[in-house]
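Just below is one structure, and these are the notes that go with it.
Residue numbering restarts at 1 for every chain, and letters A, B, ... go by the order of the sequence lines.
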Protein chains: 2
Amino acid sequence: MIDRLKIRNLISGKGLKVTPQRMRVLEAIYLLDNHPTAENILEYIRRNDPNIGYGTVYKVLETLVEHNLIVKVKTEKDVMRYDGILENHHHLYCKQCDYIEDYHNEKLDKLLTDFFHENEIDNFIIEDIKLSINGNFIIHKNKQHES
Amino acid sequence: MIDRLKIRNLISGKGLKVTPQRMRVLEAIYLLDNHPTAENILEYIRRNDPNIGYGTVYKVLETLVEHNLIVKVKTEKDVMRYDGILENHHHLYCKQCDYIEDYHNEKLDKLLTDFFHENEIDNFIIEDIKLSINGNFIIHKNKQHES
DNA sequence: TACTATTTACGAATCATTCTTAATTAGAAC
DNA sequence: GTTCTAATTAAGAATGATTCGTAAATAGTA
């Protein structure tokens, strides 16, 4: 588990001021499972700090993304979600529930690297490759099923 | 190129009423390059049919997606984009411009199928896999660079 | 302790998308 | 061709996520 000191160091290490709001947002992303939305994060923080503004949460998220402390995860829906795990990884998207699970596999990454090494794409320089693995969990991970 | 008769057949083939609005939206998606947004489509159609409503375009898009005539393409931004190509394919996302290019490669798809056949994911049934290949075009495809 | 550039609180503004309702119309039945 | 009706559209209001604006607060420096 990531403790407060590490979070503090992550933030200051990027040359950012360490504010309670930034600490709380980053901590929330690490603690909340399932790639939280801005709203999930806001709700979570408000339990301890009812005064945090939603504008602040969005601003902090933007700052953290800009400084590569978190990444945005795009979904079919119109809400953005956030991920505090930075090592290259892929996502399992369940078509029935809104759970997004991380998928790491070094062999797969090697396979892809080798493939694109042999099959360069004309006029394009690859920086990274992310798989969207779409399907269904057999046993769902959370309650919020749709419709 | 897809002609009007084919478009008509695609729509009626799904048991949908063939309306001028549906014809125009689907035609626009085939004609407009680069995975248009709802707004791109609306603008395009308004050149010939200034009376089409934006609500209508969204409604038609929703219907076409529901009936598998087009698919939604998610991006980092908060606008949804649409794609009329249905065979499995992947996307090149340029980090500098908003051009999204299709990438087809059967060998790659075979590689992935084989990989996940040998490496099943616990508790998850895969339906399809899409790669987001992120990087940069060496020569950009369109003008709308960001900031 | 004081200073100042940065950050936050607050809510208004924006923008993509959805919803509502009455009017229109495609396609079926005659 | 006419009639009928359920499906579709027009028009714009409503919604919901996100961004913006600005005055007040504050982290980090001196």
Checklist entry - Can you check whether A/Leu42 reaches A/Tyr58 side chain to side chain, under 4.5 Å on heavy atoms? => result no
Checklist entry - Are A/Asp83 and A/Arg81 within salt-bridge range, i.e. N to O under 4.0 Å? => result no
Checklist outcome for this item: Tightest non-hydrogen contact, residues A/Cys94 and A/His140, listed as SG-CE1, 3.4 Å
Checklist entry - C/dC3 P sits how many Å from A/Lys17 NZ, rounded? => result 16 Å
Protein and nucleotides 18-25 of chain D: nitrogen or oxygen contacts under 3.5 angstrom:
residue, atom, partner, partner atom, Å
D/dT18, OP1, A/Met80, N, 2.9
D/dT18, OP2, A/Tyr58, OH, 2.6

Item to check | Any B/Gln21 side-chain N or O less than 4.0 Å from OP1/OP2 of C/dT25 | outcome: no
Checklist entry - Would you say a side-chain N or O of B/Thr19 is under 4.0 Å from OP1 or OP2 of D/dT9? => result yes
Next on the checklist: What is the distance, to the nearest angstrom, from the CD1 atom on B/Ile52 to the P atom on D/dA11?
Outcome noted: 11 Å
Checklist outcome for this item: Rounded to whole Å, the NZ-C1' distance (B/Lys14 to D/dA7) equals 19 Å
Next on the checklist: Using whole Å, what does the distance between atom P of nucleotide C/dG27 and atom CG of B/Asn9 come to?
Outcome noted: 12 Å
Next on the checklist: Whole angstroms only, please: what is the CG-P distance between A/Leu16 and C/dT8?
Outcome noted: 10 Å
Next on the checklist: Can you confirm if the NZ or CZ of A/Lys74 lies within 45° of the ring axis of B/Tyr93 and under 6.0 Å from the centre of its six-membered ring?
Outcome noted: yes
Checklist entry - Using 4.0 Å as the upper bound for N to carboxylate O, is an ion pair formed by B/Asp109 and B/Lys107? => result no
Item to check | Aromatic ring pairing A/Phe137/A/Tyr99, orientation class (parallel under 30°, perpendicular over 60°, tilted between) | outcome: perpendicular
Checklist outcome for this item: To the nearest angstrom, the CG-C1' distance between A/Leu42 and D/dA17 comes to 12 Å
Checklist outcome for this item: In whole angstroms, the gap separating C1' of C/dA9 from CD1 of A/Ile45 amounts to 14 Å
Checklist outcome for this item: In whole angstroms, the gap separating C1' of C/dG27 from CZ of B/Arg8 amounts to 11 Å
Checklist entry - The side chain of B/Pro20 lies closest to which of these nucleotides: C/dA26, C/dT6, C/dA9? => result C/dA26
Checklist entry - Just checking, is any N or O donor in the side chain of B/Asp102 or B/His90 under 3.5 Å from an acceptor N or O on the other one? => result no
